[in-house]
A.B. asks: 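Take a look at the following structure, please.
Atom set for the values below is all heavy atoms of this structure, side chains included, hydrogens, waters and symmetry mates excluded. For clarity, every value in this text was computed on a predicted model and none was experimentally measured.
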2 protein chains.
Amino acid sequence: MSYQTEFRHFRYFLALAEDLHFRKASERLFISQPGLSRQIKQMEEALGINLFERHNRKVKLTKAGEYMQRELINNFQRLDDIISHARLLNDGMDGNLKLGYVGSAMQLVIPDLLLKFKEEHPNVLFDINEMDNNKQIKALLKQEIDVGFVRMERVPRGLNILPLFEDTFSLVLPAEHKVDSGNFKGLSQFKDEPFILFDSSYSQSYYEKVMQIFDDAGFAPIISHNTVNASSIFRLIENNFGASIVPTSLKLGYDMKIKFIELDKIPQRTTLKLIWNSVNTNPLLENFLNIAENVDFK
Amino acid sequence: MSYQTEFRHFRYFLALAEDLHFRKASERLFISQPGLSRQIKQMEEALGINLFERHNRKVKLTKAGEYMQRELINNFQRLDDIISHARLLNDGMDGNLKLGYVGSAMQLVIPDLLLKFKEEHPNVLFDINEMDNNKQIKALLKQEIDVGFVRMERVPRGLNILPLFEDTFSLVLPAEHKVDSGNFKGLSQFKDEPFILFDSSYSQSYYEKVMQIFDDAGFAPIISHNTVNASSIFRLIENNFGASIVPTSLKLGYDMKIKFIELDKIPQRTTLKLIWNSVNTNPLLENFLNIAENVDFK
DNA sequence: AGGGATTCATAACTATGAGTTATCAAACAG
DNA sequence: CTGTTTGATAACTCATAGTTATGAATCCCT
C-alpha cells in the first residue's frame with residue numbers, strides 16, 4: 001500500500017491540481033507556500049510519479065497527474081459515502097434504501113421483493129417513488145435513488161442491470177368489447193381501432209418493441225393518445241377511447257371495466273430489470289441485490 | 001471531506017479489525033500498544049463512529065466497523081490500482097489493455113475496434129487472448145483482463161455489459177454438399193445429418209439459443225461432435241463429419257472448403273457483447289469504451 | 001481466595017517532521 | 001534596469017505521533 005504517503009498529501013495535491021499555483025493553493029489550505037512545496041515534492045518522491053511540470057514559473061499537471069486528479073476525486077467521494085453510511089449504521093439505523101420504479105413493477109415484483117427483504121432486514125426505511133425510465137436513470141447517476149425498476153434494453157455506462165421478470169404483452173380492451181379471448185383471432189382485427197400507448201419518452205426501446213408487434217401484425221396502429229401512466233391508459237379504455245397493448249402483469253389490480261387478452265403467441269416479451277449504480281456504497285444495496293437475484297417471480 | 005482523519009488511522013484500523021487485539025496489531029504495525037489505542041480512539045472521535053466494542057478484555061467490531069472494514073479494503077485496493085496506473089503513465093507508456101475474446105469476435109469486431117483505437121492511442125500495448133466465455137468472466141473478476149468479448153445474456157454482478165454487434169446464424173456445410181442457398185428449403189432437411197456444435201460449456205445461453213433453433217425446426221439434432229473452437233468445427237465439416245450452425249460473421253476468413261447459408265428467416269440472433277469490471281481503473285478503459293460505443297460494425 | 005498473567009486505558013515524556021519565517025534565483029512586465 | 005511575482009531552499013519551532021511507565025479490570029490457575 002501507499003505507505004509514506006498520507007491523506008494530507010492527497011488533499012494538497014487536489015488543491016494544487018485545481019489552482020495550478022503554489023501560493024494560491026497554499027492560502028486556500030491555510031498553510032505556507034514552502035510547506036506546500038515540500039509536501040508535494042515529498043509526495044512525488046514517495047509515489048515515484050511526477051505529478052506537476054514546473055517550468056517558466058508556470059505549473060502544469062503531467063498526464064499522470066491529470067489521471068490521478070480525476071481518479072482521486074472519484075475515490076475520495078466514495079470514501080466520503082462509505083463514512084456517512086457507516087455513521088448511519090452507527091446511529092442504530094439499519095439504513096435506508098431509495099427505490100424508483102415504473103408503474104408496472106408495483107403489481108408483481110416490488111411487493112414480493114420488499115416482503116422478502118423485510119424478513120431479513122426489518123428496520124430498513126424505504127423511499128419508494130414511481131418515475132419513468134429516464135428519470136430513474138438520471139436519479140441513479142446522481143445517486144438520488146439506490147435502485148430502479150425499468151423496462152429498457154440499455155443503460156448508460158456505470159449502471160448495472162439485472163433482469164428480474166420476463167413478461168408477455170396483453171391486448172387491453174373495454175370489458176364490453178365484442179372481442180374476447182374466445183373469439184380473438186389476431187391483432188389485425190384491430191387495424192381500424194384507435195390505440196392508447198405509452199409515450200415513446202417512457203422508454204425508446206420499449207416503444208420500438210410495441211411498434212414491432214404492430215408491424216408483425218401487418219399494420220400501423222391509429223394512435224389516439226400517448227401517456228406515461230398505466231392507470232390513465234386504463235381509464236381511457238374504460239371510457240371507450242380505444243385499446244392498448246401493455247405488459248401482462250399490469251392485469252393484477254385492474255380487472256374492473258377492462259379485459260386483458262394475453263398475446264402469448266407473439267415472440268415479443270418485455271423484461272422488468274433492476275438497475276443500480278456500480279459506485280453506490282449503500283451497505284444495504286448488496287443485500288438487496290442478493291435477495292433480488294434469488295427471488296423467483298411467477 | 002474526512003479532515004482530521006489521516007491515512008494512518010485507516011491503516012491502523014484495518015490492522016486492528018483483522019487481529020481484534022491491540023497488542024498484536026500494534027506489534028504488526030511496529031508501534032506501541034498505547035500509541036495504537038490512542039490513534040484508534042482519535043479516529044472514532046473524528047469520524048463520530050464507534051468502530052470497536054471493548055468489553056471483557058475482548059475487542060469486537062461494531063456493525064459500522066464491519067461495514068467500514070469491508071468497504072475500506074475495497075477502496076484502498078482501488079487507490080493502489082490508481083497509483084500503479086498513474087505510475088505507468090508517468091513512465092511514458094500510454095498504458096496497456098488486456099483483451100479476452102471468443103473466436104468469432106476476431107473476424108469482424110476486434111480488428112475494426114483496435115484499428116480505430118490505435119488511431120487515437122498509438123502507443124498502447126495490447127494483450128489479446130482467445131478464451132471461452134466463462135474464462136473471460138473469471139479473468140475479469142480477477143482483473144486479469146480489462147475487457148472481454150462474449151456471447152452470453154447475463155454476467156455476474158460487478159461486471160458491465162455493452163452489446164456490440166447482432167449477428168444472424170448460418171448453417172455451415174461442406175462446399176460440395178448438394179444443398180446450397182439456392183435449393184435450401186429449411187433446417188428440417190437436415191434432421192438426419194450429424195451436427196458439430198459449440199460445447200454447452202462455451203456458453204450455456206448460447207447453447208440454449210442454438211437448441212431453440214433446432215426445436216423451432218421441429219427436430220433434435222444428431223450431435224456428432226462438441227468443440228469449443230470454430231476452426232476445429234470447420235475442419236470437421238471440410239472432412240464431411242457433419243454440418244453446423246454458427247454466428248454468420250465467422251464466414252469471413254473461412255470460405256475454402258465449406259459454405260455458409262445464412263438463416264436470416266429465423267428469429268434467433270446472437271449478440272457479441274463487450275464486458276468489463278466496473279471497478280477497473282485502467283485509464284485506457286474509459287477511452288476504449290467510448291470508442292466501442294460509437295463504432296458501427298456492418 | 002489470592003497471586004500471576006493478560007487485557008486495554010491513562011498520564012507524562014520525547015522526538016519526528018509538518019509548518020513556519022526568511023531568503024534566493026529566475027522569469028516576467030513595465 | 002527595476003520592481004514584482006514565481007517556486008525552491010535553508011534554518012528554525014512546535015504540534016503531535018509514538019514512547020515508556022503505570023494502572024484498573026478481568027481471567028486463569030492452583
A.B. asks: Does a side-chain N or O from B:Lys24 land closer than 4.0 Å to OP1 or OP2 of C:dT7, or not?
C.D. replies: no

A.B. asks: Mind calculating the distance between NZ (B:Lys58) and C1' (D:dC28) to the nearest angstrom?
C.D. replies: 13 Å

A.B. asks: Nearest whole Å is fine: how far is D:dT19 C1' from B:Leu29 CG?
C.D. replies: 15 Å

A.B. asks: Respond yes when some side-chain nitrogen or oxygen of B:Ser37 is under 4.0 Å from OP1 or OP2 of C:dA9, and no when none is.
C.D. replies: yes

A.B. asks: Can you build the contact string for nucleotides 12-24 of chain C? Use B for base contact, S for sugar-phosphate-only contact, and - for no protein heavy atom under 4.0 Å.
C.D. replies: ------BBBBB--

A.B. asks: In whole angstroms, how far is the C1' atom of D:dT4 from the CZ atom of A:Arg23?
C.D. replies: 11 Å

A.B. asks: Figure out the CG/C1' separation between B:Leu16 and C:dT7, and round it to whole Å.
C.D. replies: 13 Å

A.B. asks: Is the A:Phe7 to A:Phe76 ring centre distance short of 6.0 Å?
C.D. replies: yes

A.B. asks: Of all the choices, C:dT7, D:dG7, C:dA9, which nucleotide is nearest to the side chain of B:His21 once you look at every atom?
C.D. replies: C:dT7

A.B. asks: Nearest to the side chain of A:Phe22, which nucleotide is it out of C:dT10, D:dA8, C:dA9?
C.D. replies: D:dA8

A.B. asks: For the residue pair B:Thr271 and B:Arg151, confirm or rule out a side-chain donor-acceptor distance under 3.5 Å.
C.D. replies: no

A.B. asks: Excluding sequence neighbours, so at least two apart, what forms side chain to side chain contact (heavy atoms under 4.5 Å, CB included) with A:Ser205?
C.D. replies: A:Met152, A:Glu153, A:Ser203

A.B. asks: Which pairs, with at least one residue in residues 122-140 of chain A and sequence neighbours excluded, count as a salt bridge (charged side-chain N to carboxylate O under 4.0 Å, His left out)?
C.D. replies: none

A.B. asks: A:Arg54 has an atom CZ; how far is it from atom C1' of C:dA27, in whole Å?
C.D. replies: 17 Å

A.B. asks: Would B:Gln33 and B:Ser37 count as having a side-chain donor-acceptor pair, cut-off 3.5 Å?
C.D. replies: yes

A.B. asks: Report the distance from atom NZ of A:Lys60 to atom C1' of D:dT6, rounded to the nearest whole Å.
C.D. replies: 18 Å

A.B. asks: Salt-bridged, B:Arg157 to A:Glu286, with N to O below 4.0 Å?
C.D. replies: yes

A.B. asks: Measure CD/A:Glu53 against P/D:dG7 and give the value in whole Å, please.
C.D. replies: 15 Å

A.B. asks: Round to a whole Å and report the spacing from CD1 of B:Ile40 to C1' of D:dG18.
C.D. replies: 14 Å

A.B. asks: Determine yes or no for a side-chain-to-main-chain donor-acceptor pair under 3.5 angstrom, with A:Asn280 supplying the side chain and A:Trp276 the backbone.
C.D. replies: no

